[in-house]
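Heads up, the thing below is written out as structure tokens.
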Amino acid sequence: ACVVCVDAAISESVSLVKMARAHVIVCAFVALGLVATSSAITPRFDLGTSWTPTPDWFAKFMSQGGMPWTGAEDVPVMRQKFFKRMLDWGINEITDSKHDWEAVKAVFNYEFQPEHTVQDLKRMLHDVIHSEETTAMELDVHGNFRPLTADPYPYFGFIPMFQGAMVLNGPSLKFDTWCYDNTEASAVKASDGTITVTITVPDENQKSLFCADSYAALTVASAKFGIHVGSTGQHSFTWNTTGLTEAEQWDLDTNGIRLFHFTNSTLTTIGQIIDTALLFVPALTRASVPASCAARNLKFMADYANRNMPARTITQVDLPEEAIQSGDFFGIIRLDGLDPMLAWAMGSTTGHTTIAVRDEANELYIHESTAKDSYWPVNGIQRTPFKEWIARAKNASFNVVHAPLNDENRAKFNTTAALEFFSTVEGLNYGYHNMLWGWIDTIKNNYPCVPPYPVTEDSKCLGWPLIEVLFSVLNKLIPALGDLMFKQAWNFRLGSTGLEPPELYQLAVKKGMNTNQLPTIPEEDSWKYNTTRYGKPAVGESMVCCVFVCHMWKAGGIFGDFSENCGEFTNADDYRLTIFNTTMPPEMCQKADPGNPLCQLLGDNVLTLNDYHTKDIFNLMDQTCPSLPPNYEQPPTC
């Protein structure tokens with residue numbers, strides 16, 4: 001998968017934030033954590049759990065679920081531990097005896113029998129996790145796949161809606177929720193410095209007798225989760241301001257306390273978390289993708305990214321090596337949760353990209369930037385003999401298409417120059433530092449949204465207000481991860497060094513910016529990051545898969561005299577370029593996949609490249625492009 005994803009999750013008594021490797025996505029997962037909990041049914045009004053993030057707290061939370069945590073794990077290991085912990089938490093929570101069994105059953109699509117108990121549900125959920133094939137819980141009466149929960153769009157459905165910032169002593173927020181109309185929220189700072197947050201629900205405005213609203217309130221320094229409002233009147237709690245840094249105090253005084261609302265019942269939110277985690281588990285812990293996990297991800301791709309991937313009858317095409325030349329592109333998707341999430345976020349049909357280059361002896365190699373994982377043995381920027389790569393890709397359940405350069409660009413591509421560039425970057429770590437920021441080009445039109453589509457102001461979307469506070473919280477939980485994922489990149493954008501997120505936000509405002517502009521500042525290819533090379537500290541480029549491919553083309557002369565920042569390229573930006581051959585592939589490829597304009601070498605499902613070969617090269621392209629589903633429309637000059 002091409003990038004890293006940061007997730008955050010928090011439960012009624014304990015909260016959680018963690019990171020997992022994905023691409024962009026950006027980190028729609030950032031919401032997973034914070035969201036994960038406001039979960040657990042509570043009284044009609046519960047003040048929630050106040051929480052100041054620390055590495056020790058997070059390690060304790062993980063270890064309580066049987067996942068020992070040091071904070072020094074590699075990103076893929078972090079990700080695997082986190083998703084396992086989330087599934088364990090979700091199943092234990094939704095099968096807790098404190099919940100009404102009838103309400104629990106209503107969360108799921110499955111038709112329970114009268115004799116079924118909550119223990120039967122727990123057993124069935126464990127079967128879902130460990131089964132290679134799709135179980136009865138995920139099949140409708142016709143034998144077709146369906147998600148566990150009755151929500152038609154459960155994946156990432158737990159992302160909360162941003163209601164607004166409660167500025168200290170400012171006007172009240174006013175909004176309607178799924179449970180109450182005309183709700184108000186405010187934060188008042190008294191003369192002694194005490195801050196009181198009040199949520200007010202007018203009488204007679206409850207839409208359902210048993211509904212309750214759940215909230216999370218956050219700043220860059222602390223959070224309160226599990227705020228449940230199930231009755232009218234005023235509900236107040238005190239906000240903790242102990243131990244704030246100067247920049248954290250500035251954020252509180254300037255930006256206030258951000259209020260987020262969970263748009264479903266608590267039990268439905270837990271079900272959504274389980275469904276979402278099952279996109280990734282068990283695929284992320286195995287060398288190959290089980291059929292059950294593939295089915296979930298095919299459903300996700302169809303409903304969320306508007307991409308259908310029919311089953312193939314011929315699953316391997318042995319394209320002769322002489323048909324593959326230096327500079328040719330390979331597009332890849334693995335149905336493991338990560339790649340589909342990246343495709344959804346970027347507007348691509350792939351989650352990984354590679355480039356073919358022949359060496360001085362004319363031996364064919366696949367060059368790429370990727371990470372060592374349960375399905376891939378080598379970390380970082382690397383090359384692999386073609387036949388060996390194909391064998392690994394097949395074992396990893398890759399779907400792979402070949403996109404050859406056209407004659408003009410094959411002749412233009414300088415293999416020697418490309419290999420010289422490769423020799424300067426081989427062994428560098430995967431490009432975690434800037435993986436998200438080449439994708440985020442706009443204030444709000446890149447962050448993924450949950451269906452139904454088209455996207456409106458009422459759509460449930462990941463957005464900067466949530467990322468702004470969660471990334472700061474994440475940095476407190478796992479400082480090394482903050483440095484790896486965003487701190488260096490943001491410091492480059494502001495011309496600073498070593499600043500923490502609240503300090504960066506403060507500096508951005510001093511420079512006349514809104515903080516939501518920070519991630520939209522274009523990545524510069526000249527920036528060199530503190531990274532590793534062959535596992536040892538080094539200074540060098542930070543390149544995810546698609547950025548690395550672009551750099552190889554750039555070094556090989558494909559862009560000619562045009563000036564490009566490859567750090568701004570996504571998967572789709574690579575294969576949209578008008579540099580490819582558009583004639584039909586060899587007959588063996590057409591026989592395997594009639595109608596596919598490209599040759600698909602591997603995979604159980606048809607892979608096509610959307611908007612293939614449609615964008616001419618121009619200076620500093622792909623720096624202001626939106627990427628909203630389901631059509632991912634872009635102006636031709638972005």
Side-chain angles (χ1 to χ4, degrees), residues 133 143-145 288-291 293-295 297-299 301-302 305-336 339-340 343 348-358 362-366 368 375 384-410 549 571-572 574-614:
E133 302 296 329
N144 298 317
F145 174 84
S288 61
V289 177
C293 214
N297 281 277
L298 290 169
K299 175 70 171 173
M301 287 291 288
N306 197 27
R307 312 295 186 207
N308 291 301
M309 300 179 64
R312 303 173 76 208
T313 55
I314 300 173
T315 59
Q316 181 167 350
V317 174
D318 295 320
L319 186 68
E321 285 193 28
E322 55 265 28
I324 305 168
Q325 298 300 324
S326 291
D328 286 1
F329 173 90
F330 286 90
I332 298 130
I333 190 166
R334 185 176 192 259
L335 297 173
D336 61 0
D339 278 10
S348 67
T349 51
T350 62
H352 185 46
T353 60
T354 71
I355 184 172
V357 184
R358 293 180 177 272
N362 203 36
E363 293 296 321
L364 181 62
Y365 287 81
I366 298 298
E368 63 189 321
Y375 57 88
T384 309
F386 176 72
K387 289 182 179 178
E388 182 180 344
W389 187 89
I390 284 290
R392 288 181 183 174
K394 182 178 181 180
N395 290 336
S397 305
F398 283 5
N399 296 273
V400 181
V401 291
H402 170 230
L405 295 180
N406 58 28
D407 291 343
E408 176 188 352
N409 284 288
R410 276 190 171 174
V549 169
N571 281 214
D574 278 0
Y575 61 70
R576 286 185 179 124
L577 296 175
T578 52
I579 62 176
F580 298 106
N581 189 347
T582 56
T583 60
M584 291 302 291
E587 183 178 349
M588 65 172 65
C589 307
Q590 296 182 52
K591 181 179 178 181
D593 299 287
N596 193 338
L598 300 175
C599 187
Q600 183 165 348
L601 279 63
L602 293 174
D604 292 335
N605 298 90
V606 174
L607 173 59
T608 58
L609 302 182
N610 61 305
D611 302 324
Y612 173 68
H613 188 82
T614 57

Tell me if a side-chain donor or acceptor on [X] pairs with a main-chain N or O of [Y] at a distance below 3.5 Å.
{"X": "Asn362", "Y": "Arg358", "value": "no"}
{"X": "Glu321", "Y": "Glu363", "value": "no"}
{"X": "Arg312", "Y": "Ala592", "value": "no"}
{"X": "Asn399", "Y": "Leu607", "value": "no"}
{"X": "Arg334", "Y": "Ala396", "value": "yes"}
{"X": "Thr315", "Y": "Asp604", "value": "no"}

Euclidean distance, [Y] [atom2] relative to [X] [atom1], rounded to 0.5 Å:
{"X": "Ile324", "Y": "Tyr365", "atom1": "CD1", "atom2": "OH", "value": "15.0 Å"}
{"X": "Leu601", "Y": "Cys589", "atom1": "CG", "atom2": "SG", "value": "7.0 Å"}
{"X": "Asn596", "Y": "Met584", "atom1": "CG", "atom2": "CE", "value": "7.5 Å"}
{"X": "Asn395", "Y": "Ile390", "atom1": "CG", "atom2": "CD1", "value": "11.0 Å"}
{"X": "Asn581", "Y": "Phe329", "atom1": "CG", "atom2": "CZ", "value": "15.0 Å"}
{"X": "Leu598", "Y": "His613", "atom1": "CG", "atom2": "NE2", "value": "11.0 Å"}

Please name the pair of heavy atoms, one in [X] and one in [Y], separated by the smallest distance, quoted to 0.1 Å.
{"X": "Leu319", "Y": "Pro586", "result": "CD1-CG, 3.9 Å"}
{"X": "Val317", "Y": "Cys599", "result": "CG1-SG, 4.0 Å"}
{"X": "Ser397", "Y": "Val289", "result": "OG-N, 2.9 Å"}
{"X": "Leu602", "Y": "Lys394", "result": "CD1-N, 3.7 Å"}
{"X": "Arg410", "Y": "Ala323", "result": "NH2-O, 3.3 Å"}

Problem - Derivation and outcome, side-chain contact (heavy atoms from CB on, under 4.5 Å), residues Thr349 and Tyr575 - result: CA-CA 10 Å; Thr349 51; Tyr575 61 70; 3.4 Å; yes

Problem - Cationic N near anionic O, under 4.0 Å, Arg576 to Asp611 - result: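 Salt bridge: yes.
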
Handout entry: Salt bridge flag under 4.0 Å for residues Lys591 and Glu587
Key =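 No, no charged N to carboxylate O under 4.0 Å.
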
Exercise for the section: Identify, with sequence neighbours excluded, every residue that meets side chain to side chain contact (heavy atoms under 4.5 Å, CB included) alongside Asn308. Expected result: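 Once residues adjacent in sequence are excluded, the partners of Asn308 under the side chain to side chain contact (heavy atoms under 4.5 Å, CB included) criterion are Ala302.
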
Problem - Full working for side-chain contact (heavy atoms from CB on, under 4.5 Å) between Ile332 and Thr350 - result: CA-CA 5 Å; Ile332 298 130; Thr350 62; 5.7 Å; no

Handout entry: Set of side chain to side chain donor-acceptor pair (under 3.5 Å) partners for Glu368, sequence neighbours left out
Key =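 Counting only residues at least two positions away or on another chain, Glu368 forms a side chain to side chain donor-acceptor pair (under 3.5 Å) with His352, Trp389.
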
Problem - Sequence-distant partners of His402, side chain to side chain donor-acceptor pair (under 3.5 Å), two or more places apart - result: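 Scan of His402 (side chain to side chain donor-acceptor pair (under 3.5 Å), adjacent residues dropped) gives Asp328.
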
Exercise for the section: Please check if any side-chain donor atom of Asn409 sits under 3.5 Å from a side-chain acceptor atom of Asn406, or the reverse. Expected result: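 Asn406 and Asn409 do have a side-chain donor-acceptor pair below 3.5 Å.
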
Exercise for the section: Kindly determine whether Asp318 and Gln316 satisfy side-chain contact (heavy atoms from CB on, under 4.5 Å), including the steps that lead there. Expected result: CA-CA 6 Å; Asp318 295 320; Gln316 181 167 350; 3.0 Å; yes

Exercise for the section: Taking the side chain as every heavy atom from C-beta outward, state whether Thr582 and Pro597 have any atom pair closer than 4.5 Å. Expected result: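 No, side chains not in contact.
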
Problem - Audit row: Gln325, Leu405, side-chain contact (heavy atoms from CB on, under 4.5 Å) steps and yes/no - result: CA-CA 8 Å; Gln325 298 300 324; Leu405 295 180; over 6 Å; no

